[in-house]
Structure formats: structure tokens, C-alpha cells
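I have placed the structure first, in the form of C-alpha cells, so that the comments after it can refer back to it.
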2 protein chains.
Amino acid sequence: MNAPIVSPALTKNQALVFDALNRAEGPMSAYTILDKLRDHGFRAPLQVYRALDKLTEFGMVHRLESLNAFVACAHREHECCGGAQGHGHGTVAFAICESCNQVMEFHDHKVDHQLGDWAKSKGFKPSKTTIEIRGLCEKCAA
Amino acid sequence: MNAPIVSPALTKNQALVFDALNRAEGPMSAYTILDKLRDHGFRAPLQVYRALDKLTEFGMVHRLESLNAFVACAHREHECCGGAQGHGHGTVAFAICESCNQVMEFHDHKVDHQLGDWAKSKGFKPSKTTIEIRGLCEKCAA
DNA sequence: TTAGAGATGTAATGTTATTACATCAATTGC
DNA sequence: GCAATTGATGTAATAACATTACATCTCTAA
């Protein structure tokens, strides 16, 4: 089984981690996830990191590099352009509110293309692109 | 003294850290910098982090979020659009070769605008934007 | 039924970043 | 001059994030 387009069957640990992230309504660090899952038998960081690796590979979870934290993917399945990253989209971008910690996930074709064009012009072969906007969301900026 | 447009006078520690990054021809972690500067009297991480904070604030150094590492800014002074981030540019983007660790710093008006437009449409007020493309540079992809 | 692959559990360690507290030097206002 | 403030520095300790190493275990395909 490789690079499934639809959600694959998850292992127990993967399902627990994914569920925790879905309930969270915001990004969580690996160690926060670990704490949430202690009641379910989790005892070591590696259990979380292994599950996160897989979920990320499946495109079901994203890592926020500027936060060292993780969020469940907010895209609906089959939405918009199928990309190299499985699950149904190309590069995703994030707007992260530094006040309320809310994260907006979005996709922007033009940005995607523009960066792709730059890469092509330089002979650079992208494997993963990170776009994160830190700032204040509408509510918090008011 | 606040938010200088030209390079401010650096303190001894700031100058040492900046110099180390300039010589490096590639990103360095804070602890790598620390090791390089032990001969110059550095003994603790905080000495490095404090200098990096200031240099970043001055726009002379960038943090690569996906690497937890730092690079000296590759822009010439006075080049292109003066932005909110001092030093003479708006958002910068990075292409990071995962094979040879070379980093290309660039600026793309269209991407900048496009993300700005998205933010405006959502009422989001950006403070800092991260754009990092991981992949293989032309040489390493060949 | 056994060899391989993948998932799991656990401990230990490595790497990155911050908090807390003390000191020192330059500047400002009196 | 000389407090008072501000900013830079030094040091130790700790917190936060992530990986390596090794031992099982379970399923499945030959």
C-alpha cells in the first residue's frame, strides 16, 4: 500500500492522535498530544511522533513549522487541485493568529504557480513548501 | 533608538554572531554558532539567542523555521521594495537544498501581493510571513 | 512455519529554546 | 556629582521538542 488518495485505514495509535487533533480546534504540540492520550495508554513521545509522521504522509495532518505544532487538515476531500502531496491539494498555506491561536488553512493557486515558476526558472526541484502567515485574525485585530 | 533603516552599530556579541553567520555560507543552528564562538568567550546559549533576536529584528539575519537555523540576510541594502521588516525588503522566501544545504534567498512581488490580498480579504493582519521551499537545487537534482 | 515487513513499547539521549537571577556599563535627570 | 533607569551581559538551571537504539509483537506471503 503506498500513497493512498483516500484516507487509509489507520492504526490504533494513528486514529487516537488524529482524533485528538480533530477535537482540538487548534494546533497542538507533540507533547500536548502525548498528555491528552496518557489515559489511552500513551507513555512515550515516540508513539506520538510515529503516528504524526504517518498522518502527515497521508496528508491528514500538517506540521506548522513556525510553531513546532500540528493541526488536522482542514480541507474537505476531493476539493480542488490534486497535488503531489496526496489527499487532494497542492501546497497549503496557513494564517496563524498570535492572539487566539486560531489557524486558517487555505490554498492559493496563484501563489502556488508563482513559486513553481520561480523554482522552474532556477532549476530547483521542490519537495515540500511551507507558507505560514503569523499575525492577528479579524476578531483579534479589532 | 528604534527600528533603524540602516545597519545599526552592533554590540560585541551581535557582531561576533553576525560575522560567524556571514562566514558560514549556509544556515547554522544557535548551538553550532555557540560552538564556533567558544574561543571568543561565548559560554551559554542565551548569548547567541540574544544576539540572534536583535539581528533578526534589524533584518540582518533570518530564521529558517523548517530548519531551526539561521542565515545572514543575502539582500544588498537598498534593493527593491522597502517593507515593514526594515532593512529594505518585504517578505523574503527561501529555497533550501536538502542535499547540499545551500539556501537561496529571494523576493517575489507577486507572491507577496497575492498573500497580502488574501489577508486583506479575510481581515487578517500579518506580522511575519514565512515562505520556505525544501527540495533539491539545480546541481543536486541533476 | 517461517521469513519479512510494519507497528508497538520503553528507555535513554540529543537538540533547541527559555526562565530566573545577578552584574555591569552608559545615559538621563536632578 | 549621583541616584535612577535602561540595555547589554554572564551564568545556571530548566523546559520544550525530537530522535536513536533496541526489544517485541502481529500479520501475511512464500
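Labels below follow one simple rule: chain letters A, B, ... track the order of the sequence lines, proteins then strands, and each chain is numbered from 1. Because the structure is predicted, anything quoted here is derived from the model rather than measured.
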For [X] and [N], give me the distance from atom [atom1] to atom [atom2], rounded to whole Å.
X: A/F70; N: D/dA18; atom1: CZ; atom2: C1'; value: 9 Å
X: B/Y49; N: D/dA8; atom1: OH; atom2: C1'; value: 19 Å
X: B/L67; N: C/dT16; atom1: CG; atom2: P; value: 10 Å
X: A/I33; N: D/dA16; atom1: CD1; atom2: P; value: 16 Å
X: B/E65; N: D/dC17; atom1: CD; atom2: C1'; value: 14 Å
X: A/M28; N: D/dA16; atom1: CE; atom2: C1'; value: 16 Å
X: B/D53; N: D/dT9; atom1: CG; atom2: P; value: 12 Å

Query raised in the report: Any donor and acceptor pair, going by atom type alone, linking the side chain of B/R134 with main-chain N or O of B/S66 inside 3.5 Å?
Result: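 At least one qualifying donor-acceptor pair exists.
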
Requested in this report: Measure from the side-chain N and O atoms of B/H107 to the backbone N and O of B/T91, and report whether any donor-acceptor pair falls under 3.5 Å.
Outcome: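 Side chain of B/H107 to backbone of B/T91: a pair is present.
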
Please report the interatomic distance [atom1]([X]) to [atom2]([Y]), rounded to the nearest 0.5 Å.
X: A/N68; Y: A/Y31; atom1: CG; atom2: OH; result: 12.0 Å
X: A/L16; Y: A/L10; atom1: CG; atom2: CG; result: 10.0 Å
X: B/K110; Y: A/H113; atom1: NZ; atom2: NE2; result: 12.0 Å

Within less than 4.0 Å of OP1 or OP2 of [N], is there a side-chain N or O belonging to [X]?
X: B/N68; N: C/dT15; answer: no
X: A/Y31; N: D/dC17; answer: no
X: A/R63; N: D/dC17; answer: no

**Report entry** Under 4.0 Å protein heavy-atom contacts per nucleotide of nucleotides 6-12 of chain C, with B for base, S for backbone only and - for none
**Finding:** -SBBB--

Query raised in the report: Taking NZ, NE, NH1 and NH2 as the nitrogens, is one of them in B/E65 or B/K128 under 4.0 Å from a carboxylate oxygen of the other?
Result: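 Judged by the 4.0 Å cut-off on N to carboxylate O distance, B/E65 and B/K128 do form a salt bridge.
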
**Report entry** Presence of salt bridge, A/R38 and A/D35, under 4.0 angstrom
**Finding:**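 Answer for the salt bridge query: yes.
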
Report task. Decide yes or no on side chain to side chain contact (heavy atoms under 4.5 Å, CB included) for B/F42 and B/I33, but give the supporting numbers first. Result -> CA-CA 9 Å; B/F42 274 51; B/I33 296 171; 5.8 Å; no

Query raised in the report: Is there a side-chain contact between A/S127 and B/E98, using heavy atoms and a 4.5 Å cut-off?
Result: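 In contact.
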
Report task. Report the end-to-end axis angle of the helix from C/dT1-D/dA30 to C/dC30-D/dG1; each axis comes from five terminal pairs, and the value is rounded to 10°. Result ->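 Between the first-five-pair axis and the last-five-pair axis there is 20°.
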
